[in-house]
Amino acid sequence: MRNPFLTYPSVTRLMVDDNVVIFGGAFMPFTHHRRAHRHGVVLLVVALLAAVGVGTAAADTSQHRPAYHFSPAKNWMNDPNGLVFHKGVYHLFFQYNPLGDRWGNMSWGHATSKNLVHWQQQPVAIPFDANEGVFSGSVVVDTTNSSGFGTTQNPPLVAMYTSAYTAASGRDGIQAQSLAYSTDDGQTWTKYSGNPVIDIGSREFRDPKVFWYSPAKEWRLVTVIANEHKVLIWRSTDLKQWTRLSEFGPRNATGGVWECPDLFPLAVDGDPTNIKWVMLVSLNPGGIAGGSGTQYFVGDFDGTTFTADGPASYEPPAGTLLQGFEDGYSGWTPTGTAFGSEPATGTLPGQQTVTGYVGKHLVNSFIDFDAAQGELTSPSFTVNQRHLNFLVAGGRHPAVPGATQGDPGGQLFEDFESLDSATHLPAGWTATGDFSGYGATSSGLPYHQGDKVLDTCVVPDKCDTATGTFVSPEFTVTRDYVNLLTAGGAHPLGTSGPTVVELVSGGQVVGSVTGNSSGDMDWRHIDARSVVGAQAHLVIRDENSSGDWGHLMVDDIRFSDTAAGPRDTQTTVNLVVDGEVVRSSTGTDSEALDWASWDLGDLQGREAKIRIIDHSSGGWGHILADQFMLASTPAKNGTDRASWVDFGRDNYAGVTFNGLPDDQRTTIGWMNNWQYAQDVPTNPWRGQMTMPRTLSLVSSSEGPQLRQTPVTGVDKVAVNRDKQQAKVRPVPSGEKATGLDASVARVDVRVALGSASEAGVVLRRTADGAVGTKVGVRGDGTLVVDRTKSGDVGFNALFASVEEAPVTVRDGEVTFTAYLDRSSVEVLAEGGQRSVTDLIYPPASATGVATYAVGGTAKAIDIKVTPIRP
């Protein structure tokens with residue numbers, strides 16, 4: 001576990017109820033300047049923790065409070081930690097902020113259950129302190145008292161967690177593995193005086209999962225070096241002294257950092273003579289559905305080394321090599337300075353380790369760090385095969401339509417250079433809220449103009465938590481567009497906590513722009529054509545108090561007859577035909593090259609060029625490329641090659657319980673996604689866990705696959721006597737209400753597609769059909785979960801989505817089961833071999849069930865709704 005905003009080490013402070021507390025652990029977003037906002041660490045009165053985290057919330061959004069999934073009474077929660085079964089009790093520890101509903105102050109929360117359905121939240125187990133945040137880890141029952149923390153008559157529970165060190169520790173940003181122990185069944189914990197027990201001096205070394213390895217009668221441990229996509233395996237006899245044995249990875253999906261590993265045995269098809277080992281590795285970003293996700297590997301473990309099934313490395317399809325860069329650029333033409341005069345020989349100075357290229361050379365524009373810009377263009381070639389495969393990495397900066405390079409011109413309205421000495425604002429400007437008395441400041445932001453910008457991160461000791469407005473004087477609108485530079489939070493109007501610049505005329509907001517989730521200033525425009533000739537003013541509004549870019553920077557406001565496009569910051573690989581870009585790919589904010597493939601079926605016989613572009617000088621402002629090959633079949637990237645625990649957006653960091661028999665291997669994941677986790681519309685809590693699931697391995701044509709089934713406790717609270725059923729046949733195109741009702745329920749569905757290209761059910765539907773979540777199947781063998789109309793989807797631009805998972809259509813039919821709770825849907829298909837987990841936020845009135853069909857008439861849809869009443 002970590003702060004999700006990949007980070008430079010830093011510590012800030014936050015005022016909570018007049019107490020100064022550590023916020024953000026050891027990390028803050030890497031893309032912001034944080035000019036004057038590094039503060040010393042101050043001590044927190046730890047006794048405060050005992051009084052928070054378990055109270056009843058007064059303003060609870062009860063329509064979204066889960067009925068049978070764990071959620072904390074209040075405050076922020078993310079990764080499950082320390083899952084352990086001990087003396088008939090399931091213990092769930094978890095990443096927790098005892099002082100707020102945003103990520104920060106990382107501590108271990110604690111909850112217990114007798115059946116994995118009914119949970120009792122306990123006091124905070126392991127709190128953060130001035131020297132460390134308490135990041136993810138695991139708990140074991142030390143039955144032989146190998147650690148010496150207890151006795152053989154009263155064996156201790158031992159937790160291993162990641163110490164995320166703060167500046168006060170003298171090791172700002174370092175991550176190491178530490179121990180805590182409990183001799184009262186997990187109620188109180190003592191940190192080991194010899195901490196840390198494993199320290200490799202890394203800032204990306206975390207998430208220890210300890211387990212007992214019976215053949216050697218020793219402990220084993222898996223951890224990650226997150227940014228290197230490696231799992232490290234360790235051994236110990238006493239939990240204190242550890243020896244490194246081996247490493248696994250990089251392999252398959254590497255589009256984000258690796259986190260939260262787990263390693264455990266399972267019997268294939270329940271056969272105790274056929275044991276395979278499963279390694280779980282969470283990934284953020286780079287999940288199959290976008291953002292956070294968890295992949296798994298099946299293989300063998302000999303106590304020292306984990307060996308995944310299948311070839312150790314991926315071999316792309318054979319083809320015709322256009323360029324591998326082993327003999328220089330060989331006819332390719334560089335312009336600008338980003339690509340130099342010859343290919344790079346791997347990692348450049350100051351760069352994270354580059355992996356995945358072939359041979360000794362590759363294209364790497366990390367010259368002069370990210371500052372240099374330029375292009376690299378190939379000679380013309382004839383497209384004579386179906387696919388162009390190549391390796392790519394670097395920054396995720398796609399080409400944006402209308403983007404331009406250079407200054408857009410126009411009449412300057414305000415550049416914040418001439419300020420009133422009292423208000424620190426230009427003449428006529430005013431401030432409200434936290435910003436009263438504050439104004440423009442000197443800036444080192446990339447791409448700003450002059451010396452100063454107006455930055456809502458200006459209030460000392462507040463920054464993101466400050467809210468209010470800056471308001472311009474009235475002016476007459478004389479041009480069609482207001483062009484301006486912005487940066488900071490991308491929180492548009494209509495979302496929770498906007499950070500926006502508004503054009504206001506006649507008391508109405510005519511238009512607005514927001515930031516770009518970056519510290520790089522970029523051009524934006526507001527269309528003012530409807531109010532030309534009218535009076536207007538600008539409002540710079542910051543209502544966002546989160547730590548997720550909860551501020552906005554503004555500079556160089558101009559009036560113009562033309563709209564300023566965003567700055568062209570692409571880092572792309574392009575195919576150019578007749579002067580037009582017809583295919584384009586970009587990196588994934590990673591230095592690990594992976595395969596991309598373009599289908600050129602419509603371009604056969606055409607002349608084309610490859611153009612690699614680096615127009616970015618900001619974060620991840622470079623591009624890597626290698627091995628351009630024409631081939632008859634596409635190459636698969638790591639995401640496509642990986643096996644995924646879940647194909648939805650909201651199942652991350654899942655690990656399994658220690659203390660259970662292997663045939664009861666049980667997992668819980670965090671039901672959320674770092675893309676929008678801090679914005680989800682729940683109050684006074686943020687975060688919930690997935691439904692606990694039992695894992696097994698089943699044979700398939702592609703080797704053993706993971707199967708997930710709900711733990712028995714879930715089905716025990718399903719009330720069969722109140723089940724409702726509907727058999728709809730035929731099912732015409734469109735939606736049709738069934739009269740069934742389901743809000744917290746198990747919904748079993750059989751779809752016979754008939755002539756329909758897609759058919760299924762609409763769950764949590766309002767009577768007018770305006771709200772509903774579609775769960776259906778397509779004739780091509782795709783399970784679909786569509787939450788684009790699932791209720792509140794506007795709190796973050798990345799939330800509304802359609803998820804897809806592969807399934808087998810047998811005789812035109814597919815069956816699946818959807819487990820509904822007040823703010824989630826978990827769909828299991830293929831006997832549990834396919835899972836899609838998504839958050840949804842419908843109104844309480846959305847309880848209807850409908851059928852739907854697309855592109856024809858479905859033969860039949862059978863539905864059984866069984867209420868779940870914990």
Side-chain angles (χ1 to χ4, degrees), residues 209 211 222 229-231 233 246-255 258 260-283 286-289 293-317 594-595 633-648 651 654-656 662-667 669 693-709 780-783 804-810 814 816 828-837:
K209 177 63 190 289
F211 61 95
V222 286
H229 309 108
K230 290 181 179 179
V231 176
I233 301 176
S246 64
E247 64 182 45
F248 173 80
R251 187 157 170 169
N252 291 355
T254 57
W258 279 17
C260 303
D262 199 354
L263 182 61
F264 50 85
L266 287 176
V268 180
D269 301 323
D271 180 0
T273 67
N274 185 10
I275 300 296
K276 302 291 286 186
W277 284 73
V278 177
M279 179 176 282
L280 305 181
V281 179
S282 288
L283 183 77
I288 184 66
T294 303
Q295 62 181 323
Y296 71 92
F297 304 87
V298 177
D300 298 302
F301 180 58
D302 62 4
T304 298
T305 304
F306 174 76
T307 304
D309 292 347
S313 59
Y314 175 69
E315 291 295 330
D594 201 358
W595 288 98
T633 54
K636 292 184 177 181
N637 62 30
T639 301
D640 293 333
R641 301 193 303 269
S643 297
W644 294 96
V645 170
D646 200 282
F647 287 79
N651 188 348
V655 288
T656 63
D662 288 337
D663 62 357
Q664 297 177 34
R665 180 65 58 176
T666 302
T667 182
R693 308 174 191 188
T694 301
L695 301 180
S696 58
L697 282 177
V698 294
S699 298
S700 78
S701 59
E702 298 178 354
Q705 291 191 345
L706 206 60
R707 169 182 284 172
Q708 304 175 68
T709 55
D780 64 0
T782 303
L783 175 71
E804 300 179 352
V807 293
T808 301
V809 180
R810 296 177 176 87
V814 175
F816 58 83
L828 298 176
E830 295 286 290
Q833 293 178 62
R834 296 292 181 269
S835 168
V836 179
T837 301

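Atoms considered below: every heavy atom in the structure, side chains included; atoms not considered: hydrogens, waters and symmetry mates. Residue numbers run from 1 in the order of the sequence given.
- Side chain of Asp262 to main chain of Val655: no donor-acceptor pair is present (N/O by atom type, distance under 3.5 Å, no hydrogens or angles).
- Lys636 pairs by the salt bridge (Lys or Arg N to Asp or Glu O under 4.0 Å) definition with nothing, not counting sequence neighbours.
- With no hydrogens or angles considered, a side-chain donor-acceptor pair links Thr294 and Ser282 at under 3.5 Å.
- Checked against salt bridge (Lys or Arg N to Asp or Glu O under 4.0 Å), Glu247 has the following partners two or more places apart in sequence or in another chain: Lys230, Arg244.
- Inter-residue side-chain proximity for Thr656 and Leu695 is flagged as met; some heavy-atom pair is nearer than 4.5 Å.
- Under the side-chain hydrogen bond (donor to acceptor under 3.5 Å, both in side chains) criterion, Ser246 pairs with no residue at all, not counting sequence neighbours.
- Atom CZ of Phe264 and atom CE of Met279 lie 10.0 Å apart (nearest 0.5 Å).
- Every residue meeting the side-chain contact (heavy atoms from CB on, under 4.5 Å) condition with Ala642, not counting sequence neighbours, appears here in chain and number order: Asn252, Ala253, Gln295, Trp644.
- Rounding to the nearest 0.5 Å places CG of Leu697 at 10.0 Å from CD of Gln833.
- With sequence neighbours excluded, no residue forms a side-chain hydrogen bond (donor to acceptor under 3.5 Å, both in side chains) with Gln664.
- The side-chain contact (heavy atoms from CB on, under 4.5 Å) check on Pro265 picks up Ile275, Trp277, Asp662, Arg665, with sequence neighbours excluded.
- With sequence neighbours left out, the side-chain contact (heavy atoms from CB on, under 4.5 Å) criterion links Thr307 to Thr305.
- Rounding to the nearest 0.5 Å places CG of Leu263 at 9.0 Å from CG of Leu280.
- Under the side-chain contact (heavy atoms from CB on, under 4.5 Å) criterion, Ser643 pairs with Tyr296, sequence neighbours left out.
- In terms of the side-chain hydrogen bond (donor to acceptor under 3.5 Å, both in side chains) criterion, residue partners of Gln705 (sequence neighbours excluded) are, by chain and number, Arg834.
- Contacts classified as salt bridge (Lys or Arg N to Asp or Glu O under 4.0 Å) and involving residues 270-279 (residues at least two apart or in different chains) are given here: Lys276-Asp300, Lys276-Asp309.
- At least one donor-acceptor pair under 3.5 Å links the side chain of Asp646 to the backbone N or O of Thr837.
- By the ring-ring contact (aromatic ring centres under 6.0 Å, His included) test, Phe248 pairs with Phe297, Phe306, sequence neighbours left out.
- Among residues two or more places apart in sequence or in another chain, the side-chain hydrogen bond (donor to acceptor under 3.5 Å, both in side chains) test is passed with Thr254 by none.
- Distance alone, capped at 3.5 Å, places no donor-acceptor pair between the Gln708 side chain and the Thr667 backbone.
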